Protein chains: 4
Amino acid sequence: MYVLSPQEKEAKKQLIAAAASKLFQKNDFNKISMARIARESGVAKGTLFNYFKTKESIFMYLLLSGYQDYLKDVLLRFQAAENITTWSAFSSFLLEQNHLLISKRPDLLRLNALRGPILETAADKEQTLLGRKKLYQVNHQLGQAIAKRINILDDKQASHLFIIQSAIISGLMNMMNLDEFHHDQLPVDFKGFQIDLEQEANQLMLFYLQGLAQKLGGAK
Amino acid sequence: MYVLSPQEKEAKKQLIAAAASKLFQKNDFNKISMARIARESGVAKGTLFNYFKTKESIFMYLLLSGYQDYLKDVLLRFQAAENITTWSAFSSFLLEQNHLLISKRPDLLRLNALRGPILETAADKEQTLLGRKKLYQVNHQLGQAIAKRINILDDKQASHLFIIQSAIISGLMNMMNLDEFHHDQLPVDFKGFQIDLEQEANQLMLFYLQGLAQKLGGAK
Amino acid sequence: MYVLSPQEKEAKKQLIAAAASKLFQKNDFNKISMARIARESGVAKGTLFNYFKTKESIFMYLLLSGYQDYLKDVLLRFQAAENITTWSAFSSFLLEQNHLLISKRPDLLRLNALRGPILETAADKEQTLLGRKKLYQVNHQLGQAIAKRINILDDKQASHLFIIQSAIISGLMNMMNLDEFHHDQLPVDFKGFQIDLEQEANQLMLFYLQGLAQKLGGAK
Amino acid sequence: MYVLSPQEKEAKKQLIAAAASKLFQKNDFNKISMARIARESGVAKGTLFNYFKTKESIFMYLLLSGYQDYLKDVLLRFQAAENITTWSAFSSFLLEQNHLLISKRPDLLRLNALRGPILETAADKEQTLLGRKKLYQVNHQLGQAIAKRINILDDKQASHLFIIQSAIISGLMNMMNLDEFHHDQLPVDFKGFQIDLEQEANQLMLFYLQGLAQKLGGAK
DNA sequence: AATGAATGAGGGTTCATTCAT
DNA sequence: CATGAATGAACCCTCATTCAT
């Protein structure tokens, strides 16, 4: 135990990341201190830095590995749903993924918004690039699986759909809650600013898919 | 000078905001200190706090007033283009606005991503609500002007388009530059992550407009 | 008082420096924390950084301003001792300064040893250069005053004597206390390592002055 | 290999010391971490502490064993130069040693300055005393060898010369590079602060030897 | 004897904010 | 109303050292 195997090391990394993730469910990035992550994960503060170079690295890791997990899940679900072969069935499938992403992984979407302006300024470059590479691979793999069944799409186009999906949802999140202020509901007005995230995301995605189908040449 | 007129006060507020805005062109939020804003605007640090309650308030102000300016400009341009009466012409008009927003006001989109997770946690609530109210009004006014000419849309729907526009662009920005790392171009791979922001935004907007038109019942 | 005059600012800088100096009498550099300097000087920790960029800057300032003070004192004493005109009288004068430097300003000699390896790695460059310039000037001024009365020396040579003086004493200090260990007297042996600093410094200085006089051509 | 012979242990100690020494050629004490020494020497961090109680102990060891080596070399060179019997020849010999010390072992002089203020505060007392005792012996041995040939000196006086030598050079080093700042050459001025270490050391040593000779009664 | 993961005190430093003038 | 000196909590992070294996 005093010379940890790579698996054990990975497990501890996950442990720390999980603690950070848990805290991120209910707190803003700035409110989460390394001390608190240490406490939450049950390790010493210094230990954190044996596994992640900076605070930002932890959250970047959360983002990238979280997205990998999400895409892997999508792939599994796609492979399980063998009957999805038509564009229309595929569209429905994608909208279901919208639902899952929004309801199960809102943290990814919040991290997404922080990536450029906050995380990337201090995250470990090497780790980030490795994470992106893996993410890229999973994304590509998913694209291939889809392209194999949905004729109208090639693998690149299929992969790209998930970039667009994230953009749509993450962008709508950026525009949300203009009828609130830091979790306080505002008294009146601002109804025009209200957004039902999922419904809006579905509509936008649907229109996008329709437009794309038409552009790509054909089918319904 | 010991009792400033409202105009003078407003002018100084703008002065400070302008300095912050200028710094934000080239720096991340976290890298901009109040001291630097004071230096840039030529006032003392303490003076900043006579005009803005917190640092976040400055940037929230930048976001809200910037969006107002943008929407007012859109309104002016729409009013100037009297020939826009068809859905198709209107669609083109909106895509032009995409271009302008992306090329002239990228700061607004970056601020957008910070709004929820960073700015709102510490911004002046009163000022923010006032700003939003004004923004709401401009947005509504714009919607009305559009609805008057574009039959298919009512004013709410027209106003809403600009929420969607920002969501689209801001969301795509969140997904951008995955082929870079903090302004450094990455050597290889990651091409699948590349996004041409404007082209992508235009396509997404276009598909959305097409879908919307179809849904709303009619034309082109 | 809320806009401090340069004199007042300088006074506060001195206040902080004095606190650091006092702590340095009895503690090693590494054992003196900024928190302690703050406590000792009665200001907040943050205030320290309004006056000195880094911890090392404080001690560099101590060294440079301390040496200035020392050289100014030497100058005053030299000017007061109008009867010093011969080389022999001047030699005695210099040996007296040895005594004063060793007994009154051992801190300068300890700081001297830290300058290169510790202080210079993190001291404020601008402040350091300014301090050196002033020191240079005082040193030069002293050299001029001496050269005017002691024919055998020109001003450069006279100035240089004080560099040599410091080198001698500071070097001997480096070799001292080999019969102790961190302030504990060692039981036996090591007598050959014993150094009576002042006596040794005087002897070395004296031999140097004799040699120099001979070399410069004459007297004694 | 689970019970190391004294030779093996000594070898590993040397290995570690050599790594530290190598790092010290190019880095300041504070910049050298135990982790780096471990990496450089190819052993684990924990192993370092099997051979040295503290970081400071390593560098203290470097200093003391380095000086021993130096003095042993001096002794060898003196024994090899059988023709050195006159004071004048001996003076020349000592100046040659100046050159060698300065050019080959600047690390010893830098460590010298750190000894009191940094190393001694945390070095292993036992090891340090042992090292000093050995050093003392070598120093004494050297003194004896010299005294045997140079009539004017007794062994104590001869030994003492090397203390003075180190004091001179180490003190001059403390005063050096005032025309630089942390390895950056300064633009102008400060020429009066320039020191040619070797030339200055030779002069000071020479004058000292002359003075000593005169004092001891005669020759030259 | 060797390892290297874990420790955690302590470090220096930053910076938004306050408030006496 | 403007100033900028003072604040001090909070920050992230380093690193020598320990010790279970």
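Values in this document were obtained by computation on a predicted structure and should not be read as measured data. All values below come from the heavy atoms of this structure, side chains included, with hydrogens, waters and symmetry mates left out. Below, chains carry the letters A, B, ... as their sequence lines are ordered, and counting in each starts from 1.
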*Asks:* Please give, in whole Å, the distance from dA10(F) P to N27(A) CG?
*Replies:*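 In whole Å, dA10(F) P and N27(A) CG are 15 Å from each other.
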*Asks:* Closer than 3.5 angstrom, by distance alone: can the side chain of S41(C) be matched with the main-chain N or O of A19(C) as a donor-acceptor pair?
*Replies:*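 Not at all, since once roles are kept as given, no pair shorter than 3.5 Å links the two residues.
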*Asks:* Return the minimal non-hydrogen interatomic distance between I118(D) and T121(D), and the atom names on each side.
*Replies:* O-OG1, 2.7 Å
*Asks:* Below 4.0 angstrom, N of the basic side chain to O of the carboxylate: do E120(C) and R132(C) qualify?
*Replies:*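 Judged by the 4.0 Å cut-off on N to carboxylate O distance, E120(C) and R132(C) do form a salt bridge.
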*Asks:* Round to a whole Å and report the spacing from CD1 of I37(A) to P of dC11(F).
*Replies:*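 Rounded to the whole Å, the gap is 11 Å.
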*Asks:* So do the side chains of E10(C) and Q7(C) get within less than 4.5 Å of each other, counting heavy atoms only?
*Replies:*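 When only atoms from C-beta onward are counted, Q7(C) and E10(C) do not touch, as no gap falls below 4.5 Å.
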*Asks:* Among Q127(A), Q14(A), E56(A), which one satisfies side-chain hydrogen bond (donor to acceptor under 3.5 Å, both in side chains) with Y61(A)?
*Replies:* Q14(A)
*Asks:* Using atom types as modelled and distance alone, determine if a side-chain donor or acceptor of E180(C) lies under 3.5 Å from a backbone N or O of N177(C).
*Replies:*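 No; zero donor-acceptor contacts below 3.5 Å.
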*Asks:* Counting runs of three or more consecutive pairs, Watson-Crick or G-U wobble, with each distance below 3.5 Å, where are the stems of DNA chain F?
*Replies:*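 When the pairs of DNA chain F are grouped into runs of at least three, the stems are E:2-21 with F:2-21.
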*Asks:* On DNA chain F, check which nucleotide each of A44(B) and F49(A) is closest to and give me the residue with the more 5' one.
*Replies:* A44(B)
*Asks:* Using a strict heavy-atom distance below 4.0 Å, which residues from residues 116-125 of chain C are in contact with DNA chain F?
*Replies:* none
*Asks:* May I have the distance from K31(A) (atom NZ) to dC12(F) (atom P), rounded to whole angstrom?
*Replies:* 12 Å
*Asks:* Answer whether the closest heavy-atom distance between the side chains of L48(A) and I37(A) falls below 4.5 Å.
*Replies:*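 With C-beta onward as the side chain, the pair touches.
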*Asks:* Starting at atom CG of N50(B), determine the distance to atom P of dT18(E), rounded to an integer number of angstrom.
*Replies:* 11 Å
*Asks:* Could you check how far CZ of F29(A) sits from P of dA10(F), rounded to whole Å?
*Replies:* 17 Å
*Asks:* By nearest atom, which of the nucleotides dA5(E), dA16(F), dT3(E) is closest to the L4(A) side chain?
*Replies:*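 Nearest to the side-chain atoms of L4(A), counting from C-beta on, is dA5(E).
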*Asks:* I want to verify a distance call: between dA5(E), dT7(F), dT7(E), whose nearest atom is closest to the T47(A) side chain?
*Replies:*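 Per side-chain heavy atoms of T47(A), the pick is dT7(E).
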*Asks:* From the set dA5(F), dC11(F), dT17(F), return the single nucleotide nearest to any side-chain atom of M34(D).
*Replies:* dT17(F)
*Asks:* Decide yes or no, distance alone: a donor-acceptor N/O pair under 3.5 angstrom between the base of dG10(E) and the side-chain of K45(A).
*Replies:*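 Donor-acceptor pair under 3.5 Å: yes.
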*Asks:* Return the minimal non-hydrogen interatomic distance between S57(B) and A122(B), and the atom names on each side.
*Replies:* OG-O, 4.2 Å
*Asks:* Just the rounded figure in Å: distance from P of dA2(F) to NZ of K13(B).
*Replies:*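 Those two atoms, NZ and P, are 13 Å apart.
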*Asks:* Does N27(D) reach the side chain of R36(D), with side-chain heavy atoms less than 4.5 Å apart?
*Replies:*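 Heavy-atom side-chain distance check passes, below 4.5 Å.
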*Asks:* Nearest heavy atom decides the nucleotide; on that basis, is A35(A) or V43(C) closer to the 5' end of DNA chain F?
*Replies:* V43(C)
*Asks:* Quick check: closest heavy atoms across F24(A) and F29(A), and the distance to 0.1 Å?
*Replies:*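 Taking every non-hydrogen atom into account, CE1-N, 4.0 Å.
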*Asks:* Would a 4.5 Å heavy-atom cut-off, applied to side chains only, mark F59(B) and L63(B) as touching?
*Replies:* no
*Asks:* At a heavy-atom distance below 4.0 Å, what parts of residues 51-61 of chain D sit against DNA chain F?
*Replies:*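 The answer is T54(D), K55(D).
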*Asks:* Heavy atoms from C-beta onward define the side chain here; which of dT14(E), dA2(E), dT3(F) lies closest to that of K12(D)?
*Replies:*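 In terms of side-chain proximity for K12(D), the closest of dT14(E), dA2(E), dT3(F) is dA2(E).
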*Asks:* Between P on dA5(E) and CZ on R39(D), what's the gap in Å once rounded to a whole number?
*Replies:*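 Atom-to-atom, R39(D) to dA5(E), this comes out as 13 Å.
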*Asks:* To the nearest angstrom, how far is N30(A) atom CG from dC12(F) atom C1'?
*Replies:*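 Whole-Å distance recorded here is 13 Å.
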*Asks:* Heavy atoms only: give me the nearest L4(C)-K9(C) pair and the separation to one decimal.
*Replies:* CB-CG, 3.6 Å
